[in-house]
There are 2 protein chains.
Amino acid sequence: MARRTGRVTATDVAKEAGVSQTTVSYVLNDVPHQKISEQTRRKVLDAVAKLGYKPSAAARALRLGRSDLVLMFLPDVPVGGTLTALVELLGDELERHGLNLVTRRERHAPLESLWRELMPAAVMTTFDVSAEDVASMRAAGIHVVSAGMGPTVDPGVLTIPQHLIGTMQVERLAATGHTLIGYAAPGDPRLQGFLTLRLDGARAACAERGLEPPVVLEVPLDISAAAAAAEHWHSAVPAVTGVCAYNDETAFALLAGMRRVGLSAPGDLAVIGVDNDKLAPFAMPPLTTIDNNLDVVVGRAARMIVSGVTGRSLPAPPQVTPLSLVVRESA
Amino acid sequence: MARRTGRVTATDVAKEAGVSQTTVSYVLNDVPHQKISEQTRRKVLDAVAKLGYKPSAAARALRLGRSDLVLMFLPDVPVGGTLTALVELLGDELERHGLNLVTRRERHAPLESLWRELMPAAVMTTFDVSAEDVASMRAAGIHVVSAGMGPTVDPGVLTIPQHLIGTMQVERLAATGHTLIGYAAPGDPRLQGFLTLRLDGARAACAERGLEPPVVLEVPLDISAAAAAAEHWHSAVPAVTGVCAYNDETAFALLAGMRRVGLSAPGDLAVIGVDNDKLAPFAMPPLTTIDNNLDVVVGRAARMIVSGVTGRSLPAPPQVTPLSLVVRESA
DNA sequence: GAGCGTCACTGAATCGTAACAGTGAGGAGG
DNA sequence: CCTCCTCACTGTTACGATTCAGTGACGCTC
């Protein structure tokens, strides 16, 4: 018989239930315009349960021309906590809808070979992908959701408003009386894209309030360098009194550098981070930061992907800004 | 024609090269006992390049009875930095060998339905899986690599020696003159498994040196609670002077708690963490910790998986202990 | 009671690859 | 000259699901 592989197939189920394999498929997929009697449906379902039948993802993918994989392209950046958490949450959420998340870093360049090979149901990108790449994926029936950070053309785009992050940081500092603001840029050049957007947001916020544009210094993850930057800001005339850090890591480094040269936050220099890192409450002093409410973002992303793939439209996403200020002590 | 889907198939390549589809398959898979002339091989390869042919993962999976997916089951724990990095590195490494990593949290329980559905080439687990689960996967031709933490039965097992972590922490504290040692346990009950092993290692190390067993207190990620624990250790008679933290997060919380009650490290209480978190150098004071050299671990894991899947045995892993002490200032 | 329409199914083709089982050409051996 | 073997391929089937195109049986109308 067909018992060479040990796999339980739809044919086995059909035999057990005494119906055709076609019927099994109809029952399991709840095919719209097929009338199946309750009795037959029951028989099939019982057989499925009895035999422990699980449809083969490969066979289904071959037939349908697409798999249940969702391909997520990540920027080639030492992944920060936020992106990691996003991946994790998104994976869980997609799983609930029968989709499997596969992540890939943008580096081993050819996106195309990968999606042609895997035939994913959807692709999600976290950086900007060329319009032609997007077009050819769409043409191949793949749902593309772009969380790219740039000014995207895609109407169905999901964007974490990077520039708003910078804006909110400046808002906080301005609200607490700071008039000359610094910006701590990360050392890693691969973060340039995000940096530009966040910094633009900060610049705009300063301009809007009639403040000088932020004084940008690089603060790599190195205490000495961070200390030098801190002194530079502090001893400038007029002095910078509040700093927006690119993210919480940078903020931690800056705070450590400040300690090295005897400066303290927020007295000498207020510091505000981004990400609400798990360790932010335990910084010295506890770090004020911007939380990008990931559950909101993930919820939206998952909805876009799932509704795109299944064709069903899901309940509209709540219109919540996925950013919030977490005030602690550092700013 | 067959041009309904837009996909380039092996048949298209065959047509282009003027050979049979079988020959294309033989060339591309380098089938051992088939003689293919250099000339034909070239023609096929050229056609592949010209048409941009990429074999369908689904069709291949269906035919072979297994996909190129590697399924990694993660413990249902708010994933710490280490595990995250492990997943990331492993994904990159597997990718180089044409395998795709899919992660899943142990929670939506039935492992079985998932692997039956996806037919992965290999499964990697980070927790203990029942012997029968392993047996049935093996029976289905799936390579199982268990990085479970328990005393595993599996001979081909890959273990991060959790107990050694505790041992090394105690070693460091003992070497710097501490005789009564504390252990800061995490609040999350899901970490119990790892905790037990690390703690056992610490206990054993204490016993070996004739020291009292470590004084275990729970240090959740909450400053007040951490402060209370710190005071408890410090004011005990005789006083605990050095503490092994379950991980760097716990260490950060403890250090923050200590500041709250005016204690400092390492003077009042030396603190040593685990993980060498990215932020560890920026702790106050910079955190001494145990680094579990992930590249080593990942390299081993990847080798085990790849060699298991491909059948080829890869160069033997360097016998390096994947743990090292990183001395900073806190202990 | 012939015609028509639903109902509740079933038969067979199809997706793209791998690999078994040939097959004709050419050379070696007797 | 006939047989046998190797070489270098090719024809065809199978993997397991989806789905189009039927197909009897039955009820209803005129």
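Within every chain, numbering begins at 1; the chains are lettered A, B, ... in the order of the sequence lines, protein sequences first and strands thereafter. Treat the numbers as computed from the prediction; the structure is a model and nothing was measured.
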Problem - Given C/dC9, C/dG16, D/dT10, the nucleotide with the shortest approach to the side chain of B/T22 - result: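 Among the listed nucleotides, the one closest to the side chain of B/T22 is D/dT10.
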
Practice task
Please determine, for the side chain of A/I36, which listed nucleotide (C/dT17, D/dT10, C/dC9) has the closest atom?
Solution key: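 Between C/dT17, D/dT10, C/dC9, the one nearest the side chain of A/I36 would be C/dC9.
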
Should the pair [X]-[Y] be classified as a salt bridge under the 4.0 Å nitrogen-to-oxygen rule?
X	Y	value
A/R41	A/D30	yes
B/E16	B/K43	no
B/D12	B/K50	no

Exercise for the section: For the residue pair B/L99 and B/L69, establish whether any side-chain heavy-atom pair is separated by less than 4.5 Å. Expected result: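 With C-beta onward as the side chain, the pair stays apart.
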
Handout entry: Contact check, side chains of B/E93 and B/R96, non-hydrogen atoms, under 4.5 Å
Key =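 Sidechains of B/R96 and B/E93: in contact.
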
Gap between atoms [atom1] and [atom2], on [X] and [N] respectively (whole Å):
X	N	atom1	atom2	answer
B/Q34	C/dA18	CD	P	13 Å
A/R66	C/dG16	CZ	C1'	18 Å
A/D12	D/dC15	CG	P	11 Å
A/L51	D/dG16	CG	C1'	15 Å
B/R60	C/dC15	CZ	C1'	16 Å
B/L64	D/dA14	CG	P	17 Å
B/H33	D/dA8	NE2	P	15 Å
B/K43	D/dT10	NZ	C1'	13 Å

For a quick test of reading the model: is some side-chain N or O of [X] closer than 4.0 Å to OP1 or OP2 of [N]?
X	N	value
B/S37	D/dC9	yes
B/N29	C/dT17	no
A/S20	C/dT10	yes
A/T9	D/dG16	no
A/R7	D/dC15	no

Handout entry: Side-chain donor/acceptor contact of A/Y26 with base of D/dC20 under 3.5 Å
Key =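 Yes, the side chain and the base share a sub-3.5 Å donor-acceptor pair.
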
Exercise for the section: Apply the side-chain contact (heavy atoms from CB on, under 4.5 Å) test between A/L101 and each candidate in A/I305, A/L94, A/D92, A/L71; give the one that qualifies. Expected result: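 In the set A/I305, A/L94, A/D92, A/L71, the residue that makes a side-chain contact (heavy atoms from CB on, under 4.5 Å) with A/L101 is A/L94.
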
What's [X] touching, base or sugar-phosphate or nothing? Going by heavy atoms closer than 4.0 Å.
X	answer
B/S25	base
A/L62	base
B/V19	sugar-phosphate
B/T23	base

Problem - From B/L111 atom CG to B/S130 atom OG, the distance as rounded to the nearest 0.5 Å - result: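 Reported to 0.5 Å precision, the distance equals 7.5 Å.
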
Practice task
Would you mind telling me which residue lines up with the more 5' stretch of DNA chain D, B/R41 or B/R63, judged by nearest nucleotide?
Solution key: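 Nearer the 5' end of the strand: B/R41.
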
Problem - A/T23-A/S20 side chain donor-acceptor pair, cut-off 3.5 Å - result: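 Result is yes, a qualifying pair exists.
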
Exercise for the section: Compute the angle between the rotation axes at the two ends of the helix from C/dG1-D/dC30 to C/dG30-D/dC1, each taken over five pairs, rounded to 10 degrees. Expected result: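 Between the axes fitted at each end of the helix from C/dG1-D/dC30 to C/dG30-D/dC1 lies an angle of 60°.
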
Handout entry: Residue met sooner reading DNA chain C from 5', once A/Q21 and A/T40 are mapped to nucleotides
Key =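 Comparing both residues, the 5'-ward one is A/T40.
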
